[in-house]
Amino acid sequence: TGGSKGMFFTNLSTKGTVSSTKLSTGTKVGGIFGETGQSVTMENLVSDADVSGYQNVGGLIGYISGGKVIRGIAYGSVLGTDAAKSTNVGGVIGQIGEYAPKLRLIYAFNENIDVGKIKTIGKVVGENLTNPEYYANAFEVVPGSSDSLNIGDVVKQSEVYKKNTYELYGFDFENTWEMVEGSSAPRLKLQKVDNVLNPTAQEIQKYSFAGGSGTIADPYLVSTLDDIKLMQSNPSSHFKLINNIDLNWVLLNPIGTKT
C-alpha cells in the first residue's frame with residue numbers, strides 16, 4: 001500500500017520484494033505500507049518481503065506519523081540503496097514523523113538491516129522525530145549495520161521460538177496466529193471457509209457467532225474476540241455475551257455511533 005489515512009487494517013501479510021525504482025531518490029518504502037498517517041489503526045501485520053529504498057525504508061512501514069500499530073513482525077531484509085547517503089532505515093519502521101504513533105508489540109526479526117555506516121539506521125526504527133508510546137522488540141542477532149538505534153527490548157534466541165513469549169501479550173494462536181514450538185516464530189494463519197467461495201452475510205454469521213440469529217428474542221451469542229469484531233458489521237442486531245473475553249493489548253474500532 002502506498003499510503004493510507006483514516007482506516008483500519010488487520011491481518012495483512014506480504015512476501016517477495018518491495019523496492020523503489022529510483023535508487024538515489026526513492027523514499028517511504030515499506031514491506032506493507034510506504035506511508036501511514038493519523039487515524040490509521042493497523043493490527044496483526046507480517047512481512048517476509050525484502051525491502052530496499054533510498055530513504056525512510058522499513059520492514060513493515062517506511063514512514064509513520066500518528067496512528068496505531070499492534071502486533072507486527074518484520075522478517076525480510078531491509079536495505080538502503082546508497083551506502084553513502086541513504087538514511088532512516090529500520091527493521092520495522094524507517095522514520096517516525098512529527099505525530100507520535102502508538103506502537104504495541106512490534107518485532108524486528110529481520111534477516112539483515114544494512115546501509116553501510118549511516119547513523120540513522122536501527123533494529124526497530126531508523127529515525128524517531130517524536131516520542132511514541134511503544135512496546136517494541138528486536139531479535140538479539142541481526143546481521144548488518146543495525147546497532148546504532150535499538151528501541152525496546154531485545155528478544156533472546158532462546159525466547160524467539162517459544163509460544164509463551166507471545167501468548168502473554170494477546171497473540172491468538174487459535175484463530176489468527178500459528179507457530180511451531182521450538183522452531184519458528186509467529187506467522188499469520190491463512191483464513192479459509194470450507195467449500196464457500198462467496199459466502200452470504202448469513203453464512204458468515206452462522207460460521208462466526210457462537211449462536212443466535214440477532215433478534216431480541218434470539219440474540220447473537222458472543223464468545224470470542226472474533227465475535228466482537230463481527231459485531232461492528234451488525235450494529236442494529238442484538239447480542240448476548242456468554243464468555244469472559246480478554247481484551248488486553250487489543251485495539252478495536254467503536255461499535256456503532258451512539259452511546
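Only heavy atoms go into these numbers, but all of them, side chains included; no hydrogens, no water, no symmetry mates.
Closest approach of Val51 to Gly58, counting heavy atoms only: CG1-O, 3.8 Å. Smallest separation of non-hydrogen atoms from Gly30 and Val18: O-CG1, 3.5 Å. The two residues Ala210 and Ile242 come nearest to each other via the heavy atoms CB-CD1, 4.0 Å. Among all heavy-atom pairs drawn from Ile113 and Gly91, the shortest one is CD1-CA, 3.5 Å.
The closest side-chain heavy-atom distance from Val40 to Met42 is below 4.5 Å. Taking the side chain as every heavy atom from C-beta outward, Leu103 and Ile93 approach each other to under 4.5 Å. Within the 4.5 Å cutoff, the side chain of Leu79 has heavy atoms near those of the Asn112 side chain. Contact check for Arg71 versus Glu43: side-chain heavy atoms found under the 4.5 Å cut-off. Residues Pro101 and Ile96 meet the side-chain proximity criterion, which asks for heavy atoms closer than 4.5 Å. Within the 4.5 Å cutoff, side-chain heavy atoms of Tyr166 are placed close to those of Val160. At a threshold of 4.5 Å between non-hydrogen side-chain atoms, the residues Lys162 and Glu181 count as touching. With a 4.5 Å cut-off on side-chain heavy atoms, Asp172 and Thr224 do not count as touching.
The ring-ring contact (aromatic ring centres under 6.0 Å, His included) test applied to Tyr75 returns no partner, not counting sequence neighbours.
Hydrophobic cluster membership is shared by Ile245 and Tyr220, with clusters built from Ile, Leu, Val, Met, Phe, Trp and Tyr side chains linked at under 4.5 angstrom. At a threshold of 4.5 Å between side-chain heavy atoms, the hydrophobic network of Ile, Leu, Val, Met, Phe, Trp and Tyr places Leu241 and Phe239 in one connected group.
In this structure, Asn110 contributes its side chain and Ser77 its backbone to no donor-acceptor pair below 3.5 Å. For Asn243 (side chain) and Ser223 (main-chain N/O), a donor-acceptor pair under 3.5 Å exists by modelled atom type. Not one N or O on the side chain of Ser52 forms a donor-acceptor pair closer than 3.5 Å with the backbone of Gly80. With hydrogens and angles disregarded, no donor-acceptor distance shorter than 3.5 Å links the side chain of Asn56 to the backbone of Tyr63.
Rounding to the nearest 0.5 Å places OG1 of Thr36 at 4.5 Å from CD1 of Ile61. Rounding to the nearest 0.5 Å gives a distance of 11.5 Å between OG of Ser13 and CD1 of Ile73. To the nearest 0.5 Å, atoms CH2 (Trp177) and NZ (Lys189) are separated by 12.0 Å. His238 contributes atom NE2, which lies 4.0 Å from atom CD1 of Ile216 (distance to the nearest 0.5 angstrom). With values rounded to the nearest 0.5 angstrom, Ile64 atom CD1 is found 10.5 Å from Gln38 atom CD. Between atom CD of residue Glu98 and atom OG of residue Ser65 there is a gap of 5.0 Å, rounded to the nearest 0.5 Å.
Every pair passing salt bridge (Lys or Arg N to Asp or Glu O under 4.0 Å) that includes a residue from residues 44-59 is listed here, sequence neighbours excluded: Asp48-Arg187.
No option in Leu188, Leu45, Val46 other than Leu45 meets the side-chain contact (heavy atoms from CB on, under 4.5 Å) test with Leu12. Gln55 pairs with exactly one of Thr27, Thr87, Asn88 by the side-chain hydrogen bond (donor to acceptor under 3.5 Å, both in side chains) rule, that one being Thr87.
Side-chain contact, Ser47 with Thr14: a donor N or O sits under 3.5 Å from an acceptor N or O.
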Checking side chain to side chain contact (heavy atoms under 4.5 Å, CB included) for the pair Phe9/Ile32: CA distance, chi angles, key distance, verdict? CA-CA 11 Å; Phe9 298 91; Ile32 295 182; over 6 Å; no

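Between Phe171 and Phe173, the two ring planes are parallel [angle under 30°; tilted spans 30° to 60°].
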